[in-house]
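Notes follow the structure.
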Amino acid sequence: MKSRAAATPFGLWMGIFTVVPMAIVLWFAFTDANGTFTLANIARIWQYAGTYVDSIWMGAVATLICLVLAYPVALSISRKAEHMQRTMVMIVMLPMWMNFLLRTYAWMTLLEDQGLLNQFLRWIGLPAMHLINTDAAVVLGMVYNFLPFMILPLYSVMAKLDNRIIEAAQDLGSNGFQVFRRVILPLSAPGIVSGVTMVFVPAVSTFVISKLLGGSKYMMIGDVIESMFVGDGCDYNVGAALSLVLMVLMLVCMSLMRKVDNGEDELGGMMA
Amino acid sequence: MNEKKIIELKNIAVSFDGEPVLKNLNLSISDGEFVTLLGPSGCGKTTTLRIIAGFITPDDGDVFFEGKRVNDLPAYKRTVNTIFQRYALFPHLNVYENVAFGMRVQKKSNAEIKETVTRMLELVNLKGFEKRSVSKLSGGQQQRVAIARALANKPRVLLLDEPLAALDLKLRKDMQAELKNIQKSLGISFIYVTHDQEEALSMSDTVVVMDDGEIQQIGTPQDIYNEPENAFVADFIGESNILDGVMLEDYLVEFFGRKFKCLDAGFDKNEPVDVVIRPEDIDIVEPAKGHLTGTVTAVTFKGVHYDTIVDFKGFKWLIQTTDYYGEGSVIGIVLNPEDIHIMKKSAYSGMFGDYSSYSEEFDELGDAEAAAEAEEEAEG
C-alpha cells in the first residue's frame, strides 16, 4: 500500500505531462484536418529527409565539440579542493541564468558582417570573414548555449571518483596518460552518456539558435516544425508527424550511443 | 631476511599547511624484513608509507632505494606496491582484470598475464573468482584481490596501509596469519602500517613505534614490549603501571618509599626515573607477606583473567590475575627484580600509567597533578 501511495504523484505527473500530450501528438500525426485517419502526414516527411540529416549532423558536431571542451574542464574542476569546486561550478552555470535569447542575440552582434569580431579583424589588419548565417555560426551557438549541460553531468561523475583509485593505478605503474585511459575515462563513461544526451537532444531540435545565427532558410528540423505551427502555411498534422519522427530518430540515436557504451564496458569488465 | 638495506629514510621532515607531520625521521629497512609502523592516528605512520610509495615528496631529507636517492622518482616508476586502506579496487574491472592491471600497463603478453593472475589468485585463495565483479565481493575477498593485484607486479617491497582495519576480528586474525605466510614464502619486505599493537607484535620482525611525527622506539616485538624506551611506548604497547622512582644505584630503585632490586643499570646516582610494571607480572600474596599492600577498588572479568584495580597510597594499579579478589579486599603484592623495568624520564613522563580512571571514584586531584607534572616535563 505504501509503495502505491508513494507512486501516485509520479503516476499523476506521467498522465498529465507525458501520456496525454503524447496521445494528442499521435492523434494529430495520424489524422487529417477533418479528423479522419490517414498516413499522408507521415508520407510527407520524406521531403524533409535532408533537413533531418542536417539537423542530426549539426547536433552531433555540436555535441562532440561540447564533449571535447567540457571533459578537461570538468576533470580539472573535480580535482580541485572542495570549496574551489563549488565556486567553479557556479561560474560554469552563471551564463545559464542569463536569458537564452539575449545570449544568442549577443552572438548575432558579435558575428555580423559589421559586427564586433569583424571590426576587430579589420582593426588588426586581417580581412573580414562572413560568419553570420553559416552552419558554423549555428554550431557555435549550440556549443555556447549547451556547454554547461555537458560539463555538469561529467563533473558530478568525476567528483565521485575516489582519489585512492587513481593512486592505485599510479602505484601499479601507470603514467598520467595510462591512468586517464585505463581508469578515469572508463569510470566517467556514465557522465559522458548523460552529458551527450543532455546536449544532443536540445541541439538537434533547436530552432531559435538556427533562426538567429543561421539566417532565414529552414536549416534545422526545429525551424520546419515551428513553421507548421506558426504563421501562414501552418499544418498541425504535419507538424505533429515531424515531431514524432524526430523523437523516434533521437531515441534510435541514444540507444545506439548506449550500446556503444555498454560494448566498451564488456570489454573492460563490468560497469557499476 | 638479510642485512642488505633496501629502503632508507634520512632526516625526513614533512609538514602540511605549516603543521609538522614528520620531524627528522630516520629509518632503514632490510631486504625481506617485515616492518610495522605502529602508532595512534595522526602520528605520521601513513605519511611515512606514502613517502616510500612516492605519493608525497618530503620537504626535507632523502629517500633511498637500494642506495639510490629516489626523492623525485614518481610513484609509477617505483618497484614498490601498495595495499590501500579499504582496498581501492577498480570498480569497472572484474577480479581478473584488477589483478592483471599492472601487467597490462607494462604490456606483458596475454599468456604471461594469465599465468601470473592464476598463480596470484591461487596464492590468496580466490581461484574461480576471475569473472566476478569486485563490488559483489565481501570485505575479506576484496582484500585478497588487493593483495593479489599488488603482488602480481612483483614488488621488491609491499606497503600495507592498515589493510585489515575494515575486517571483523575473526577474519582479521586469519588474514594476519595469511599475510605473514605470504611474506615468508615470497621473501620480500613488507612495510605494514597499523594502530593495532597486537597485530604489530604478532606479525613483525621489527616494530617502529611512532607518535607525534617522531619515532619513539625501533625494536623486535619482544624488545618493544619488555624494554619500552619511554612512558609512551610502555603505555601504547600493552598495559603498564608507570610510577615515579629514583635510581639509587645500579640494580637498586626506590619507589613508594621502598627499595627494590631490579635488572637495570647505567643511570646516574639518584636519577629520577619512570618505573614500568606490567599488570600480568604482579604476584598477589597475603597482605602481611607483600612488599606493598593495597585495597581493591574495582574488578572487571575479562575471560582469561580479572582486571583488578588496586589502590596503593592513592596511586591506582592495574593487576591482571586469574584469582578473584572482590572489591574492598586488602591484598599484598610481591615484585621480583625481573618484573621491574626502568626507563629514563621523557616528555611523556606522568602522562600515562595511572589507572585512576578505571575506578568509580575517579581521582580528579591525582589527574590534575599528573597534568601539571607533564607540563613541567614538557617545559623542562
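Per chain, numbering begins at 1; letters A, B, ... match sequence-line order. Just so we're clear, the structure is a prediction, and the values are computed from it rather than from any experiment.
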### Query
Quick one: does B:Arg156's side chain get under 4.5 Å of B:Asp31's, heavy atoms only?
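In short, these two side chains touch, coming nearer than 4.5 Å.
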### Query
Taking the side chain as C-beta and beyond, is there a heavy-atom pair between B:Arg172 and B:Asp196 under 4.5 Å?
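Yes; the side chains approach each other to less than 4.5 Å.
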Measure [X] against the heavy atoms of chain A and call it side chain, backbone, both or neither at under 4.5 Å.
| X | result |
| --- | --- |
| B:Arg132 | neither |
| B:Asn153 | side chain |
| B:Leu89 | backbone |

### Query
Between A:Gln170 and chain B, which part of the residue has a heavy atom less than 4.5 Å away: side chain, backbone, both or neither?
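Both backbone and side chain.
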### Query
Contact part of A:Asp162 toward chain B, heavy-atom cut-off under 4.5 Å: side chain, backbone, both or neither?
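No part of it gets close to chain B.
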#### Entry: B:Lys23 bridged to B:Asp60 by N-O distance under 4.0 Å
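Salt bridge: no.
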### Query
Step by step, would you call B:Lys5 with B:Ser30 a side chain to side chain donor-acceptor pair (under 3.5 Å)?
CA-CA 4 Å; B:Lys5 297 289 174 224; B:Ser30 302; 3.2 Å; yes
### Residue selection (most heavy-atom pairs with chain A, distance under 4.5 Å) from B:Met103, B:Arg149, B:Arg78
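Ranked by heavy-atom pairs under 4.5 Å with chain A, first place is B:Arg149.
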### Message
Quick check for you: among B:Val95, B:Val80, B:Thr82, which has the greatest number of heavy-atom pairs under 4.5 Å with chain A?
### Response
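Among B:Val95, B:Val80, B:Thr82, the one with the most close pairs to chain A is B:Thr82.
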### Query
Between A:Ile77 and A:Ile151, which heavy-atom pair has the shortest distance, and what is it?
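Closest approach of A:Ile77 to A:Ile151, heavy atoms only: CD1-CG2, 4.5 Å.
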### Task
Answer yes or no: does atom CE of A:Met96 have more than 12 heavy-atom neighbours from other residues, nucleotides or ligands under 6.0 Å?
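Yes, because the 6.0 Å sphere around CE of A:Met96 holds more than 12 heavy atoms from other groups.
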